[in-house]
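What you see is a predicted model; the values in this text were computed from it and never measured.
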Amino acid sequence: MKVKIQDLKDTAVKGVNAVFTETCEAYKEDFFEWTAFPVVTQFKTDKIMSGLLQGWHHTPNFSVIEYHEDAEQFLFTEGTALMLFIDIVDGKPAMDTAQIVRIPAGTQLDIAAGKGHFVAVAEDCTFKAIVISPVQEAPRMELAEMVCGE
């Protein structure tokens, strides 16, 4: 199944809230600048972890998705990422909802609980993102067919 890769700035993804830092107000003094990201994520628990996700260039072909019982937050800091999103309906990936979006550095994403997605690939050499999430499982589901970005 071929899916046109779209710029996240030009499309909406159900279950994903995105903010781009260029639209955020910054507070600056002599030796620092603070840019607050306005997306607030409501987690179901207070056991929160974070980590650095680094991805390398890879063909944006996806045969599996993951989902979580709680939300996740991503802060893309370097490079451009290509990420798959897909709805899960009646316990199965709804193939007609598959989207692959281009995510530039400086983007904050809030991914809703239960939203199907998979780890992004780098469009160029690499990307980096900080991930903030409750401690939770990441069950996977096989897709009915490979989703290939074009």
- Message: List the residues meeting ring pair (Phe, Tyr, Trp, His ring centres under 6.0 Å) with Phe74, not counting sequence neighbours, and say none if there are none.
- Response: Phe76
side-chain contact (heavy atoms from CB on, under 4.5 Å) against [X], all qualifying residues, sequence neighbours excluded:
X	value
Ile88	Ile65, Tyr67, Met141
Ala138	Glu66, His68
Cys148	Asn61, Met146

Using residues 48-57 as the side-chain source, report each donor-acceptor pair under 3.5 Å to any protein atom, sequence neighbours left out, with the distance given to one decimal.
{"from": "His57", "atom 1": "ND1", "to": "Ala122", "atom 2": "O", "distance (Å)": "3.2"}
{"from": "His57", "atom 1": "ND1", "to": "Glu123", "atom 2": "O", "distance (Å)": "3.0"}
{"from": "His57", "atom 1": "ND1", "to": "Asp124", "atom 2": "O", "distance (Å)": "3.1"}

So, using salt bridge (Lys or Arg N to Asp or Glu O under 4.0 Å) as the criterion, who are the partners of [X] when residues are at least two apart?
X	value
Asp70	none
Glu22	Lys9
Lys14	Asp87

Hydrophobic clustering (ILVMFWY, side-chain heavy atoms < 4.5 Å, transitive) - are [Y] and [X] grouped together?
X	Y	result
Val121	Ile130	no
Ile132	Val19	no
Val16	Ile103	yes
Leu75	Val13	no

State, with a plain yes or no, whether a side-chain heavy atom of [X] is found less than 4.5 Å away from one of [Y].
X	Y	result
Phe118	Ile86	no
Met95	Leu143	yes
Ile100	Val147	yes

Smallest separation among heavy atoms of [X] and [Y], with atom names:
X	Y	value
Phe85	Leu109	CZ-CD1, 4.0 Å
Glu72	Ser133	CG-OG, 3.9 Å
Leu84	Ala98	CD1-CB, 4.3 Å
Lys115	Ile111	CB-CG2, 3.8 Å
Val89	Ala94	CG2-CB, 3.8 Å

- Does any pair with a residue in residues 131-144 pass salt bridge (charged side-chain N to carboxylate O under 4.0 Å, His left out), and if so which ones, sequence neighbours excluded? none
- Query: Among all residues two or more places apart in sequence or in another chain, which pass the side-chain hydrogen bond (donor to acceptor under 3.5 Å, both in side chains) test with Glu25?
  - Reply: none
- Query: Rounded to the nearest 0.5 Å, how far does CD1 of Ile5 lie from CG of Leu82?
  - Reply: 4.5 Å
- Query: When rounded to the nearest 0.5 angstrom, what distance separates CZ in Phe127 from CE in Met83?
  - Reply: 7.5 Å
- What side-chain hydrogen bond (donor to acceptor under 3.5 Å, both in side chains) pairs are there with at least one residue in residues 89-99, not counting sequence neighbours? none
- Query: Does any N or O in the side chain of Thr107 come within less than 3.5 Å of the main-chain N or O of Pro104, such that one atom is a donor and the other an acceptor?
  - Reply: yes
- Within the side chain of Lys44, is there an N or O that forms a donor-acceptor pair under 3.5 Å with the backbone of Glu69? yes
Side-chain atoms of residues 30-41: list all donor-acceptor pairs with protein atoms under 3.5 Å, sequence neighbours left out, distances to 0.1 Å.
{"from": "Thr41", "atom 1": "OG1", "to": "Gln73", "atom 2": "NE2", "distance (Å)": "2.7"}
{"from": "Thr41", "atom 1": "OG1", "to": "Asp110", "atom 2": "OD1", "distance (Å)": "2.7"}

- Task: Given side chain to side chain contact (heavy atoms under 4.5 Å, CB included), test Asp7 with Val101 step by step and report yes or no.
- Result: CA-CA 5 Å; Asp7 290 337; Val101 294; over 6 Å; no
